[in-house]
Amino acid sequence: MKIMLDQLLDQKGVSQNQLAKDTGISTSTLRNLNHNRTSRISFSILEKICNYLGCDVGDILCIEKA
């Protein structure tokens with residue numbers, strides 16, 4: 001699974017720092033998500049990101065085909 005948060009932020013014109021400030025998600029958590037350096041992501045974090053960016057979970061998470 002690949003996390004497409006970085007691309008989505010670019011499309012929406014939102015920085016990681018702004019997302020962190022407005023949602024309360026730590027910048028280190030967002031940085032790890034942007035660089036696909038996480039083994040899990042909580043539903044509450046996904047919900048905050050989706051609500052803020054006006055997107056669906058499928059816009060953030062992409063299943064890579066082998």
Side-chain angles (χ1 to χ4, degrees):
M1 185 174 298
K2 184 174 181 179
I3 300 169
M4 306 294 291
L5 182 58
D6 196 32
Q7 293 86 339
L8 189 58
L9 289 174
D10 284 344
Q11 289 173 4
K12 300 284 185 172
V14 177
S15 70
Q16 280 185 57
N17 288 335
Q18 188 65 48
L19 180 61
K21 180 181 172 185
D22 292 345
T23 61
I25 301 169
S26 74
T27 54
S28 62
T29 296
L30 292 173
R31 192 176 318 109
N32 286 334
L33 290 173
N34 273 334
H35 296 290
N36 284 288
R37 291 186 296 213
T38 187
S39 59
R40 64 186 176 110
I41 180 171
S42 74
F43 289 120
S44 64
I45 288 176
L46 279 174
E47 182 179 35
K48 285 180 183 180
I49 293 170
C50 289
N51 287 340
Y52 183 81
L53 296 176
C55 67
D56 294 321
V57 172
D59 297 326
I60 298 172
L61 303 178
C62 177
I63 298 175
E64 295 179 323
K65 296 178 181 177

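Smallest separation of non-hydrogen atoms from L9 and Q16: CD1-CG, 4.0 Å. Between A20 and T27 the shortest heavy-atom distance is CB-CG2, 3.5 Å. Between N34 and D6, the shortest heavy-atom contact is OD1-N, 3.0 Å. In terms of heavy-atom proximity, N36 sits nearest to I3 at OD1-N, 2.8 Å. Contact record, I60 with C50: CD1-SG, 3.7 Å, taken as the closest heavy-atom pair. Nearest heavy-atom pair, K12 versus G54, reported as atom, atom and distance to 0.1 Å: NZ-O, 4.1 Å.
The CD atom of Q18 sits 11.5 Å away from atom CG of L30, with the distance rounded to the nearest 0.5 Å. Separation of atoms OG1 (T23) and CD1 (I45) is listed at 8.5 Å; rounding is to 0.5 Å. To the nearest 0.5 Å, atom CG of residue L5 and atom SG of residue C62 are 13.5 Å apart. Taken to the nearest 0.5 Å, the OG atom of S44 stands 8.0 Å off from the CD1 atom of I25.
With hydrophobic clusters built from ILVMFWY side chains whose heavy atoms lie under 4.5 angstrom apart, M4 does not share a cluster with V57. Hydrophobic cluster membership is shared by L53 and I41, with clusters built from Ile, Leu, Val, Met, Phe, Trp and Tyr side chains linked at under 4.5 angstrom.
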- Message: Apply side-chain contact (heavy atoms from CB on, under 4.5 Å) to residues L33 and I49 and explain how you reach the verdict.
- Response: CA-CA 11 Å; L33 290 173; I49 293 170; 4.2 Å; yes
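Side chain of N51 to main chain of K48: no donor-acceptor pair is present (N/O by atom type, distance under 3.5 Å, no hydrogens or angles).
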